[in-house]
Amino acid sequence: MKNILITTSLKETFPDEPTNLILLGDWCRLYKEKKFFENNIYSIIEYHYDDTQKILDDFEDFKIIYEKVLNELSEVLNNLHGLSYSKRYWQISIGFWLGLFIQIIYDRYFMIKKVFDNKNIDEVFLIKTKEEDIVPNNSLDFFQFAGSSDDWNEKIFSEIISFLKPKIKISFIEKEIINIKSEKNNLYYFFKKKLNRLIRNSLSLATKYMGNKSIVLYAINVNFISKIKLLFFSKSIFRAYDLKNDFHFKYDQLKRNFIKDNLKFIDKENNQFLELLNILIPKYIPKIFVEGYQNAHFLINKSGLPSNSKVIFTDNACIFNDLFKLWAAKQVENSSKLIIGQHGGHYGTCKFFFSQDYEIEISDKFLTWGWSMDNNKSKLIPFGAYCLLNKKHFLNKKNKKNILLVETSFPRYFYQFHSFPLSASQYKYYSEFIFKFISHIPPELRKNFLVRLDIDKGLKIYKKNIWNDKFPDIKISRIHKNIINDYNESKIVISTYNATTYLETLSLNIPTLIFWDEKYFQLNDDVKIYFDLLKDVHIFFTDPKAASLHLLEIWDNIEKWWLTEDVQEVRKIFCSQFANTNGLNIRKFYELISKNKT
């Protein structure tokens, strides 16, 4: 029987006749297709990042490659567009996309290498598509493609297999990739769209000529009241920057060829992976940095953003908002200060995290929620969790019965190095860890559980089906329901991952249990002492059974445990480092930002 390699879940690449399927990873096996796999012979390649030491080693190798490629690509893009901008300009503009792209190709490349080195593969079916059909317009498109799109990932696996030239049979399948943009084509929608555009253009024009233009606060994770206060402090009536994200650019092969012909890092290093990058980067770099670069600046000029700012602050626009990044990069070239704020959990506690390293690197100052690091003390400002200010208060209602369990999600495909489960191949272990916790809860108490899944509708339906099959008596929170409302209806909140949820609940003094698998949620050495304190008072667990037994022990009187002096003291110590709101107000936040004008 033939061994057929399957790289994604696309059914076009599955053989018609019975064979032995070699699945490259769990991302090939969709939950809705479980009956198909029950009736077929298959095996799954062990994920290479199940070896935690390999993750750390590869992350270090990646950082060296990233710097090398960024230097070369910055020079090539300057030449393509007739510019002479600094490396920092291009790192702010394109550095996050480049970092993710290199990490993604690194992961896919070594998985393909692993299967050919360890398995006897007879055949693989690859889909023939044009590069321009799946090249993203911008960084956000790219992230969505890379993390979830089988078509995009199949194309990348096809590129790598073709590059490696294995001695197997390669059968090509024709397929047209059509990106359909959902849009209503009726008269009402047409005029509504035109009216919205007119309003946005008018507001952005007024913003351009009115108010304080030396300080730009963009995409800040604070509530409406805090935003009104910031407008008052900055002596601005309003700020309305129109950075639309629905632009489309035509693929230009000549410009792509220019990049390919001028990327020369492979001439300096006899490195097969660098050679592969030299082929793939020119093909798949988002269009906004190539074909759409000039038009992007036209859009920026119409957005209302000033041309001579002194200080810029944002939470996360420096990640996927390419128009903002291009504008901010040019402002920094003209001596503006770029300040970035921590926009969630995981920062400061994780063992490794590319996004954190990148944001600190490109910023002049980085505001944390309380933590600091010795190797970045000059940049880090442990200001506190300003985004938790003016949060709707937790209502300490009586007669609550819900046990809110908050689950996180991950793209099916690896997208960056961080101390999290890294793909669908590890997500199953994350789920199993949670199910172990639930399995030790008596059925009569399970009925009190309310499970909050990812807000993405498609992903939530998939995960809801798993929960319903495994534990049909457990309730699932509604899509898009405000999490504060879930808090207010719950007696205790259980966080299952290292991110924002438990920081928010601890800060709001909501009874909280935390548990996770320390193999996947690795902590940096400097913070372990604080998590040990949480363990001492039974807030944090790395054993799901121990966490469930503690819940059973305190269930009849959770407040008695939560309000003990030891628990409250530890909570305050922990929050002072990772979710500090003591003495904070929005005026202090504005004063800190504004003093960086000088």
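Reckoned from all heavy atoms, side chains included, excluding hydrogens, waters and symmetry mates. We're numbering straight along the sequence, starting at 1.
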Answer yes or no: is there a donor N or O on one side and an acceptor on the other, between the side chain of Gln103 and the main chain of Tyr415, under 3.5 Å?
no
Under 6.0 Å between the ring centres of Phe541 and Phe437?
no
Relative to each other, are the rings of Phe414 and Tyr49 parallel, tilted or perpendicular (30° and 60° limits)?
tilted
Glu154/Thr7 under side-chain hydrogen bond (donor to acceptor under 3.5 Å, both in side chains): CA gap, chis, key distance, verdict
CA-CA 7 Å; Glu154 195 283 331; Thr7 61; 4.8 Å; no
Any donor-acceptor pair under 3.5 Å from Thr512 side chain to Ile510 backbone
yes
If the threshold is 4.0 Å, N to carboxylate O, is there a salt bridge linking Glu38 and Lys35?
no
Can you confirm whether or not the ring centre of Trp152 sits under 6.0 Å from the ring centre of Phe142?
yes
Ring of Tyr530, cation from Lys528 - is the NZ or CZ under 6.0 Å from the centre and inside 45° of the axis?
no
Evaluate the side-chain hydrogen bond (donor to acceptor under 3.5 Å, both in side chains) criterion for residues Asn20 and Asn3: first the C-alpha distance (whole Å), next the side-chain angles of each, then the deciding distance (0.1 Å), finally the verdict.
CA-CA 5 Å; Asn20 182 29; Asn3 290 330; 2.7 Å; yes
Keeping the roles fixed (side chain from Ser439, backbone from Lys436), state whether a donor-acceptor pair exists under 3.5 Å.
yes
Sidechain N-carboxylate O distance under 4.0 Å for Lys130, Asp133:
no
Taking only Lys NZ, Arg NE, NH1 and NH2, and the carboxylate oxygens of Asp or Glu, determine whether Asp543 and Lys535 approach each other closer than 4.0 Å.
no
Step by step, work out the side-chain hydrogen bond (donor to acceptor under 3.5 Å, both in side chains) result for Glu159 and Tyr284.
CA-CA 11 Å; Glu159 293 271 18; Tyr284 297 104; 2.6 Å; yes
Once the angle between the rings of Phe59 and Phe352 is folded into 0 to 90°, is it parallel (under 30°), tilted (30 to 60°) or perpendicular (over 60°)?
tilted
Do the charged groups of Lys169 and Asp122 touch, with an N to O distance under 4.0 Å?
no
Would you call Asp322-Lys325 a salt bridge at under 4.0 Å N-O?
yes
Check: Trp369 side chain, Gln342 main-chain N or O, donor-acceptor pair, under 3.5 Å
yes
Below 30° counts as parallel, above 60° as perpendicular, anything between as tilted: where do the rings of Phe143 and Phe320 land?
tilted
Output field: ring centroids Phe62/Phe354 closer than 6.0 Å:
yes
Would Asp469 and Lys34 satisfy salt bridge (Lys or Arg N to Asp or Glu O under 4.0 Å), going step by step from the backbone distance to the final call?
CA-CA 12 Å; Asp469 287 350; Lys34 61 181 180 178; 3.0 Å; yes
Under the criterion salt bridge (Lys or Arg N to Asp or Glu O under 4.0 Å), I'd like the reasoning laid out for Arg29 against Asp26: C-alpha separation, chi angles, the key distance, then a yes or no.
CA-CA 5 Å; Arg29 187 179 56 165; Asp26 270 282; 2.6 Å; yes
Taken to the nearest 0.5 Å, the spacing of Ile514 CD1 from Phe574 CZ works out to 6.0 Å
Lys54/Asp57 ion pair, N-O < 4.0 Å:
no
Which label fits Tyr358 and Phe96: parallel for a plane angle under 30°, tilted from 30 to 60°, or perpendicular past 60°?
tilted
Do Lys287 and Asp141 sit within salt-bridge range, that is, some charged N less than 4.0 Å from a carboxylate O?
no
Glu361 and Lys379 ion-paired at < 4.0 Å:
no
Under the 6.0 Å and 45° cation-pi test, does Lys114 pair with Tyr47?
no
First locate atom CG of Leu551, then atom CD1 of Ile494, and finally report the distance between them rounded to the nearest 0.5 Å.
5.0 Å
Is a side-chain N or O of Lys545 found less than 3.5 angstrom from the main chain of His440, in a donor-acceptor match?
no
Quick one: do Glu67 and Lys87 satisfy salt bridge (Lys or Arg N to Asp or Glu O under 4.0 Å)? Show the steps, please.
CA-CA 10 Å; Glu67 287 298 320; Lys87 172 188 169 184; 2.4 Å; yes
Can you tell me how the ring of Phe37 sits relative to the ring of Phe14, calling it parallel under 30°, perpendicular over 60° and tilted otherwise?
perpendicular
Check Glu132 with Lys283, please: is the shortest side-chain N to carboxylate O separation under 4.0 Å?
no
